[in-house]
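In what follows, a structure is listed as structure tokens, so that the remarks can point back to it.
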Amino acid sequence: MTVRGQEYEAGGSVIHPLNLHMKRFVKDLGLSTVQGFGGLMGVYNGETLVFEESSWFIINMIKLIWHYGFQSLRMHMWVEDILDKFMRIYRYQSHDYAFSSVEKLLHSLGGDEFLGMLNRTLLETLQKAGFSEKFLNEIVAPVMRVNYGQSMNINGFVGAVSMSCADSGLWAVEGGNKLVCSGLLRASKSNLITGSVMYIEEKTRTKRTGNPTKMYEVVYQIGSETRSDFYDIVLVATPLNRKMSNITFLNFDPPIEEFHQYYQHIVTTLIKGQLNSTLFSSRALDKFDLSTILTTDNSDLFINSIGIVSSVTENDNPQPSTERAHVWKIFSQEILTKEQILKLFLSYDYAVKQPWLAYPRYKPPEKCPSIILHDRLYYLNGIECAASAMEMSAIAAHNAALLAYHRWNGHTDMIDQEDLYEKLKTEL
Ligand SMILES: Cc1cc2nc3c(=O)[nH]c(=O)nc-3n(C[C@H](O)[C@H](O)[C@H](O)COP(=O)(O)OP(=O)(O)OC[C@H]3O[C@@H](n4cnc5c(N)ncnc54)[C@H](O)[C@@H]3O)c2cc1C
Ligand SMILES: CC(C)=CCC/C(C)=C/CC/C(C)=C/CSC[C@H](N)C(=O)O
């Protein structure tokens, strides 16, 4: 989003240090990175700040233990254990193995435990693991609200992905994360047609060899013009949802299933102004040093979170400006009214909004959409039902490319292999 000549990430903004596809893309494309903003975070429950970070590591630890015992350490270990298993995907993909469904992919990483996480809420999963109500309400729920705009009733897997954002070392691409997409497109030497796909139809075409062949006709619109092209293989890389991509599949036998995944409505608002810190704390304005405020589920506030942001070119932490006016990024369920903005800010220069149908509305048990929609027609965004993140889309894309290649060439031994982890361990 460009505001007053400066670009800010209004959508996908942070990347985990163990997101190896994104790391490799940035390295191969020669892009630079910026480190995640390291300001102080507080949690507001509608009345008071129930937790506030300290800039001193040791004080932070003492505060966490004082409030929550060793739960935050246990949470760190829980996420680490899941990430450890999740990382197996890079090994499988580097050996060119592919999966024909999101469930099979997850099962190959974490077995029944991962499938169980997909089918249970985060709340159930963490309650079963013995986390306290206080820790869940004051730490976990606010993290789910800032990241996925939802409660702890999301599935356990996306909950773990979301909790991994509490790890240190989050980063972003200098100049904007979109540089990865434009860079990869350029490097692949693809022919990019900037049209909007309207429908896809299976048709029989006679190729130069004289053989009638089944192909896909992709019909798209560029401005007011409608054009079409024929393809052997088609990969759909956008959520199939009438409100988002509106692609119709014509004359397929059997017909392509309809997807009814709801996407969560979220609004990003960027506001440059002076925060009304008294809304959150009775502390004097010049003593208020939080740069991110998360909210609990019962805070009854009209925002999910608010935090200071830097532009995509600022390589350092935002400088405290003399007039104390920062650019703040707010996530809310609805578009903020002027009254609400004036409640949050003592004064402001501008407020720019970007509404999204952001990520699936998670409602376990999750049945993920198929990856193989038809013979040679693949769907990538079903992976978002497990968890939506840039790296998840990169994993889905790599998997779909491998899957299409192996199915085209009849390499059935490279698809849905059981016990891959053990198999590859002994191969070394
Ligand atoms: C507010 C917000 C914050 C987020 N923060 C993070 C974060 O910090 N870190 C992170 O990893 N992830 C984050 N995400 C999630 C991340 O943005 C998504 O997981 C990721 O963008 C999914 O990528 P994708 O390429 O699969 O789909 P998309 O990014 O949805 O891309 C689909 C593309 O298809 C195009 N398209 C749609 N219909 C058609 C059509 N008919 N014809 C042609 N093209 C079409 C769309 O215009 C779009 O460009 C965030 C998302 C939101 C909304
Ligand atoms: C896929 C794995 C293992 C990790 C990815 C972790 C990650 C970076 C998830 C992103 C979650 C998400 C949708 C965040 C949205 S808000 C991000 C940020 N706090 C902001 O203010 O923009």
Side-chain angles (χ1 to χ4, degrees), residues 1 8-22 36-37 41 79-80 82-87 89-90 109 142-150 154 157-167 169-173 177-178 180-181 184 192-200 218-222 235-248 263-270 291-292 294 304-310 328-332 354-360 362 379-397 400:
M1 184 191 270
Y8 297 89
E9 298 285 9
S13 55
V14 293
I15 304 166
H16 192 275
L18 293 177
N19 286 170
L20 300 191
H21 284 321
M22 291 298 287
F37 173 56
M41 183 273 289
V79 172
E80 203 169 17
I82 291 160
L83 268 182
D84 219 42
K85 292 175 180 145
F86 177 81
M87 300 289 287
I89 190 62
Y90 301 114
L109 303 178
V143 173
M144 299 310 128
R145 281 166 70 80
V146 61
N147 286 336
Y148 288 99
Q150 294 166 67
I154 63 177
F157 185 78
V158 66
V161 165
S162 178
M163 281 314 293
S164 77
C165 289
D167 289 348
L170 295 182
W171 57 280
V173 179
N177 296 327
K178 66 180 181 191
V180 169
C181 305
L184 289 176
L192 174 67
I193 305 170
T194 48
S196 186
V197 175
M198 297 153 68
Y199 58 90
I200 303 174
V218 177
V219 181
Y220 53 92
Q221 212 162 17
I222 303 180
L235 280 79
V236 177
T238 181
L240 283 174
N241 174 306
R242 289 266 158 256
K243 288 190 185 158
M244 295 165 85
S245 48
N246 202 12
I247 298 173
T248 306
Y263 272 67
Q264 179 69 38
H265 182 250
I266 285 289
V267 184
T268 309
T269 311
L270 289 185
S291 51
T292 301
L294 310 186
N304 291 350
S305 64
I306 177 164
I308 297 178
V309 281
S310 307
W328 296 83
K329 176 154 80 175
I330 299 163
F331 288 126
S332 58
Q354 171 67 60
W356 301 96
L357 281 174
Y359 7 70
Y362 294 103
Y379 178 40
L380 275 58
N381 289 66
I383 204 157
E384 286 188 277
C385 87
S388 172
M390 291 179 264
E391 183 73 5
M392 295 300 286
S393 288
I395 288 170

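One-based numbering, in listed order, for ligands and for the atoms of each. What you are looking at is a predicted structure, and each value in this text was computed from that prediction instead of being measured.
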Can any side-chain N or O of [X] pair as donor or acceptor with the backbone N or O of [Y] at less than 3.5 Å?
X	Y	answer
Y220	I193	no
Y148	Q264	no
N177	G12	yes
Q150	P360	yes
E391	A389	no

Nearest protein heavy atom with distance in Å, relative to [atom]:
atom	answer
atom 11 (O) of ligand 1	M390 N, 2.8 Å
atom 19 (O) of ligand 1	S388 OG, 2.8 Å
atom 7 (C) of ligand 1	S13 N, 3.3 Å
atom 35 (C) of ligand 1	T238 OG1, 4.1 Å
atom 30 (O) of ligand 1	P239 CD, 3.9 Å
atom 5 (N) of ligand 1	G12 CA, 3.3 Å
atom 40 (C) of ligand 1	V197 N, 3.5 Å

Is [atom] in close reach of the protein, with a heavy atom under 4.0 Å away?
atom	value
atom 1 (C) of ligand 1	yes
atom 45 (C) of ligand 1	no
atom 9 (N) of ligand 1	yes
atom 21 (O) of ligand 1	no
atom 28 (P) of ligand 1	no
atom 38 (N) of ligand 1	yes

Exercise for the section: Output the distance between atom CG (L18) and atom OG (S164), rounded to the nearest 0.5 Å. Expected result: 8.5 Å
Completion exercise
Distance col, row K329:NZ vs I308:CD1, nearest 0.5 angstrom, shows 13.0 Å
Exercise for the section: Please indicate whether Y199 has more than 12 foreign heavy atoms, meaning atoms of other residues, nucleotides or ligands, lying under 6.0 Å from its OH. Expected result: no
Residue [X] vicinity, atoms of ligand 1 by number, heavy atom under 4.0 Å:
X	answer
S393	22 (C), 23 (O), 24 (P), 26 (O)
A10	1 (C)
A358	53 (C)
G11	1 (C), 2 (C), 3 (C), 4 (C), 5 (N)
G195	43 (C)
F331	1 (C)
V14	7 (C), 8 (O), 9 (N), 10 (C), 11 (O)

Practice task
Begin with the C-alpha distance, continue with both residues' side-chain angles, and end with the deciding distance and a verdict on side-chain contact (heavy atoms from CB on, under 4.5 Å) for W171 and V14.
Solution key: CA-CA 6 Å; W171 57 280; V14 293; over 6 Å; no
Specify the closest pair of heavy atoms between [X] and [Y], including all atoms of both residues, with the distance to one decimal.
X	Y	answer
P239	S245	O-OG, 2.5 Å
L294	S305	CD2-CB, 4.1 Å
H16	L170	CA-CD2, 3.7 Å
I383	A396	CG2-CB, 3.7 Å
A160	I82	CB-CD1, 3.7 Å
Y90	I395	OH-CD1, 4.1 Å

If we set the cut-off at 4.0 Å for heavy atoms, which region of [X] has an atom near ligand 1: side chain, backbone, both, or neither?
X	value
N381	side chain
A237	backbone
I247	side chain
Y359	side chain
C165	neither

Handout entry: Ring geometry between F86 and F157 (parallel below 30°, tilted from 30 to 60°, perpendicular above 60°)
Key = tilted
Handout entry: Residue from I200, N381, L380 passing side-chain contact (heavy atoms from CB on, under 4.5 Å) with V236
Key = I200
Handout entry: Residues forming a salt bridge (charged side-chain N to carboxylate O under 4.0 Å, His left out) with K178, sequence neighbours excluded
Key = E7
Practice task
Would you check whether S245 has a nitrogen or oxygen atom less than 3.5 angstrom from a nitrogen or oxygen atom of ligand 1?
Solution key: yes
Practice task
Kindly determine whether N147 and Y359 satisfy side-chain contact (heavy atoms from CB on, under 4.5 Å), including the steps that lead there.
Solution key: CA-CA 10 Å; N147 286 336; Y359 7 70; over 6 Å; no
Are any protein N/O atoms closer than 3.5 Å to the N/O atoms of ligand 2? If there are, list each pair with names and the distance to one decimal place.
unit_1: ligand 2; atom_1: 22 (O); unit_2: S13; atom_2: OG; d: 2.6
unit_1: ligand 2; atom_1: 22 (O); unit_2: K329; atom_2: NZ; d: 2.9

Practice task
Measure the distances from the heavy atoms of A396 to every atom of ligand 1 and state whether one is below 4.0 angstrom.
Solution key: no
